[in-house]
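Chain letters run A, B, ... following the sequence lines, proteins first and then strands; every chain starts at 1.
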Protein chains: 2
Amino acid sequence: MGTPELTDEYDRFFDELSRLPDINLCIEKICSEFKIQFVTYHLAFHEGKAIDSPYVRTNYPADWVSQYLTNDYVEIDPVAQSGFKRALPCLWSDLDWSSDKSVDFKNDAQKHGIGTSGYLVPITDRRRRRAIVNFASSAKESIWSHKINDISLLLQECAEILHRKAIVDLYGTDDEKPALSPREIQCLTWVAQGKDASSIGLILGISEHTVRDYCKSAKHKLGCSTMYQAIHKATMLRLIDPDSLN
Amino acid sequence: MGTPELTDEYDRFFDELSRLPDINLCIEKICSEFKIQFVTYHLAFHEGKAIDSPYVRTNYPADWVSQYLTNDYVEIDPVAQSGFKRALPCLWSDLDWSSDKSVDFKNDAQKHGIGTSGYLVPITDRRRRRAIVNFASSAKESIWSHKINDISLLLQECAEILHRKAIVDLYGTDDEKPALSPREIQCLTWVAQGKDASSIGLILGISEHTVRDYCKSAKHKLGCSTMYQAIHKATMLRLIDPDSLN
DNA sequence: CACCAACCCCCTAAATTTGGGGGGGTGAGT
DNA sequence: ACTCACCCCCCCAAATTTAGGGGGTTGGTG
């Protein structure tokens with residue numbers, strides 16, 4: 001829908017982008033192609049890693065990256081906070097910047113040379129991994145929003161490419177994380193909340209037998225011998241997300 | 001054991017340190033007191049947080065912090081890798097720096113002005129939270145190791161203080177994370193591995209009834225109504241650590 | 001000294017899960 | 001036309017968990 005011919009025009013660009021060996025090179029190429037100042041790819045939820053650390057690739061200046069990390073700005077930054085929850089792209093200006101902490105954060109960002117115009121593209125892939133891609137600029141908001149109007153689909157495609165590259169970078173071609181069906185995830189999630197099969201059946205409006213079937217198949221897909229193990233593994237893999245139940 | 005009188009001498013210093021309002025101030029104070037170049041506090045395992053991010057406080061230069069984050073050095077750095085596994089403090093020089101990646105990492109660190117002498121203090125608290133505290137210097141290794149010989153106990157005390165401050169900073173005074181007994185954690189961990197009560201009894205050399213009792217008490221401590229929920233919560237809280245089973 | 005938590009052991013009836021099996025139906029992709 | 005993933009429903013016997021009880025020792029702390 002929209003502007004397919006525009007996307008076609010850029011086919012070669014996207015093809016070249018996909019072939020680049022490194023995400024940082026991709027970021028550079030995107031910046032120069034679209035005259036964007038900063039591009040950031042941020043994958044949350046490193047499943048299975050022993051030590052918490054996000055997968056971040058960016059051309060933000062080093063002091064801002066450092067500042068962001070050592071001040072736990074990810075807990076404050078409205079872009080990250082809503083980016084990992086919402087599904088649709090949006091302009092930074094559409095987010096809620098009203099809290100005091102947000103204002104302080106914004107000021108600090110400006111001090112570090114980060115403009116206030118930006119475009120946020122959230123990603124949720126088939127395996128329920130979530131990432132955000134940000135395109136930032138020091139252009140005036142009015143100019144920026146017009147620009148985004150024109151190239152939003154292209155930037156979304158760029159975001160997808162970055163995500164695919166990140167996943168290959170992290171997990172190689174064979175991706176261990178099983179793709180459970182929505183129903184299977186719902187059932188596991190409710191089980192992890194302490195509900196039994198019959199309650200879950202009532203909640204989801206299906207029979208308790210069906211709930212058991214979903215648990216069974218989920219367990220098999222996860223390669224587990226007991227449901228306890230399945231719950232553990234699903235939790236580790238971040239397949240279970242209690243937040244998604246309202 | 002060792003030098004209790006040395007610790008007594010520093011009572012006032014530790015007292016002052018504890019009263020500082022901010023971890024960064026603590027780090028400064030420690031640096032000037034002991035003539036240390038860099039101090040880093042690094043807490044892994046942010047339980048319950050929506051987005052992966054470590055709690056890091058350091059006076060390393062910003063470009064090194066940024067470089068460390070955006071290159072996933074935590075996956076390579078032998079200090080972090082073994083620091084989150086081992087129990088006892090050690091000199092950086094005692095770690096395994098033989099792999100190619102370690103060498104590259106070390107060189108990059110030196111380029112950013114980080115010396116090769118350091119002292120690593122791992123922390124595991126009552127609630128199984130793990131952190132590492134690093135004291136770094138550009139002094140020659142021979143001089144550094146003599147110095148550490150003298151002040152290792154003091155630095156360990158500093159590390160403890162930093163950890164307490166971090167926990168208060170993160171969770172306030174009331175800490176939600178329940179302290180399960182070692183046996184309870186063992187049983188939960190084995191359940192999460194897919195073992196049933198009788199197998200676990202054999203593994204741990206206790207009766208299966210006892211195993212069930214531990215599961216029961218763990219479940220209650222976690223405030224859960226089913227074992228599935230308990231496994232989920234324990235996994236989220238990082239109480240279950242399969243690595244600890246050999 | 002008492003007290004408490006951690007550790008250890010055992011029992012039973014009732015409820016639940018498990019692991020098999022058996023049916024359907026849809027929609028997407030080949 | 002076919003397969004495959006997803007969605008939905010059901011049955012049953014065997015195994016397991018659950019939620020109550022009942023014991024006990026040890027070691028540390030007020």
Side-chain angles (χ1 to χ4, degrees), chain A residues 1 124-128 175-235 239-240 244-245, chain B residues 124-128 175 177-235 239-240 244-245:
Chain A
M1 53 187 351
T124 308
D125 68 13
R126 205 169 8 123
R127 309 232 194 281
R128 296 195 109 223
D175 184 348
E176 291 291 319
K177 194 168 180 173
L180 299 188
S181 78
R183 278 304 201 196
E184 287 163 342
I185 287 173
Q186 279 182 316
C187 290
L188 282 191
T189 304
W190 280 115
V191 168
Q193 302 304 108
K195 304 289 179 191
D196 62 18
S198 58
S199 315
I200 299 171
L202 283 174
I203 291 165
L204 299 179
I206 58 182
S207 116
E208 59 172 306
H209 301 286
T210 310
V211 173
R212 277 193 259 274
D213 283 341
Y214 287 135
C215 289
K216 255 188 266 187
S217 56
K219 191 175 61 176
H220 286 130
K221 282 185 187 173
L222 290 164
C224 293
S225 53
T226 68
M227 273 299 290
Y228 298 118
Q229 195 183 359
I231 292 293
H232 174 65
K233 191 164 181 183
T235 307
L239 288 165
I240 290 174
S244 68
L245 314 169
Chain B
T124 307
D125 69 14
R126 204 170 9 121
R127 309 228 194 283
R128 297 196 106 222
D175 185 349
K177 193 169 182 173
L180 300 188
S181 78
R183 279 303 202 195
E184 287 163 341
I185 286 173
Q186 279 182 316
C187 288
L188 282 191
T189 304
W190 282 115
V191 168
Q193 303 303 109
K195 304 288 180 192
D196 62 17
S198 59
S199 314
I200 299 170
L202 284 174
I203 291 165
L204 299 180
I206 59 182
S207 116
E208 59 173 304
H209 302 285
T210 310
V211 172
R212 276 193 258 273
D213 283 342
Y214 286 135
C215 290
K216 254 189 270 188
S217 56
K219 192 175 60 176
H220 285 130
K221 282 186 188 175
L222 289 164
C224 294
S225 53
T226 68
M227 273 300 289
Y228 299 118
Q229 195 184 2
I231 292 293
H232 173 67
K233 190 162 181 182
T235 307
L239 287 165
I240 290 174
S244 69
L245 313 170

message: Once rounded to the nearest 0.5 Å, what's the spacing between atom CG of Leu180(B) and atom CD of Gln186(B)?
response: 12.0 Å
query: Are any of His209(B)'s side-chain N or O atoms less than 4.0 Å away from OP1 or OP2 of dC11(C)?
result: yes
query: Which pairs count as salt bridge (Lys or Arg N to Asp or Glu O under 4.0 Å) when at least one residue sits in residues 204-218 of chain B, sequence neighbours excluded?
result: Glu208(B)-Arg212(B), Asp213(B)-Lys216(B)
- prompt: Distance from Tyr228(A) atom OH to Asp196(B) atom CG, nearest 0.5 Å?
  reply: 10.0 Å
message: Once side-chain contact (heavy atoms from CB on, under 4.5 Å) is applied, do any residues pair with Thr124(B), and if so which ones, sequence neighbours excluded?
response: Arg130(B)
message: Just the rounded figure in Å: distance from P of dC7(D) to CG of Leu180(A).
response: 10 Å
query: side-chain contact (heavy atoms from CB on, under 4.5 Å) with Ala234(B): which residues, sequence neighbours excluded?
result: Leu188(B), Leu222(B), Leu239(B), Ile240(B)
field: Residues in ring pair (Phe, Tyr, Trp, His ring centres under 6.0 Å) contact with Tyr214(B), at least two apart in sequence or another chain
entry: none
- line: On a heavy-atom basis, the closest approach of Thr210(B) and Ile206(B) is CG2-CD1, 4.1 Å
statement: Separation of dC8(D) atom P from Leu204(A) atom CG, nearest Å, is 9 Å
- request: Find the distance Ile200(A):CD1 to dC9(D):P and express it as a whole number of Å.
  value: 14 Å
field: Phosphate OP1/OP2 of dA6(C) contacted by Lys221(B) side-chain N/O (<4.0 Å)
entry: yes
message: Would you compute the distance between atom SG of Cys215(A) and atom NE2 of His220(A) and round it to the nearest 0.5 angstrom?
response: 12.0 Å
Show each protein N/O and nucleotides 26-29 of chain D N/O combination with a separation under 3.5 Å, one pair to a line.
none

- request: Scan Thr210(B) against the nucleic acid and name what it touches under 4.0 Å (heavy atoms): base, sugar-phosphate only, or nothing.
  value: base
- prompt: The side chain of Arg183(A) lies closest to which of these nucleotides: dC10(D), dC7(D), dC8(C)?
  reply: dC7(D)
side-chain N/O Ser181(B) vs dA5(C) OP1/OP2, d < 4.0 Å: no
message: Please enumerate all residues that pass side-chain contact (heavy atoms from CB on, under 4.5 Å) together with Lys195(B), with sequence neighbours excluded.
response: Trp190(B), Ser199(B), Ile200(B), Ile203(B)
message: If the cut-off is 4.0 Å, is Tyr214(A) near the phosphate of dC8(D), judged by side-chain N/O to OP1 or OP2?
response: yes
- request: Starting from the first five and the last five pairs of the helix from dC1(C)-dG30(D) to dT30(C)-dA1(D), work out the angle between the resulting helix axes, to 10 degrees.
  value: 50°
- request: With sequence neighbours excluded, give me every salt bridge (Lys or Arg N to Asp or Glu O under 4.0 Å) pair touching residues 183-194 of chain A.
  value: Glu184(A)-Lys221(A)
Using atom names, set out every protein N or O paired with an N or O of nucleotides 15-25 of chain C below 3.5 Å, distance rounded to 0.1 Å.
{"unit_1": "dT17(C)", "atom_1": "OP2", "unit_2": "Arg212(A)", "atom_2": "NH1", "d": "3.2"}
{"unit_1": "dT17(C)", "atom_1": "O3'", "unit_2": "Tyr228(B)", "atom_2": "OH", "d": "3.0"}
{"unit_1": "dT18(C)", "atom_1": "OP1", "unit_2": "Met227(A)", "atom_2": "N", "d": "3.4"}
{"unit_1": "dT18(C)", "atom_1": "OP1", "unit_2": "Tyr228(B)", "atom_2": "OH", "d": "3.4"}
{"unit_1": "dG19(C)", "atom_1": "OP2", "unit_2": "Lys219(A)", "atom_2": "NZ", "d": "2.3"}
{"unit_1": "dG20(C)", "atom_1": "O6", "unit_2": "Lys216(A)", "atom_2": "NZ", "d": "2.8"}

- prompt: Taking only residues two or more places apart in sequence or in another chain, which ones pass side-chain contact (heavy atoms from CB on, under 4.5 Å) with Ser225(A)?
  reply: Gln229(A)
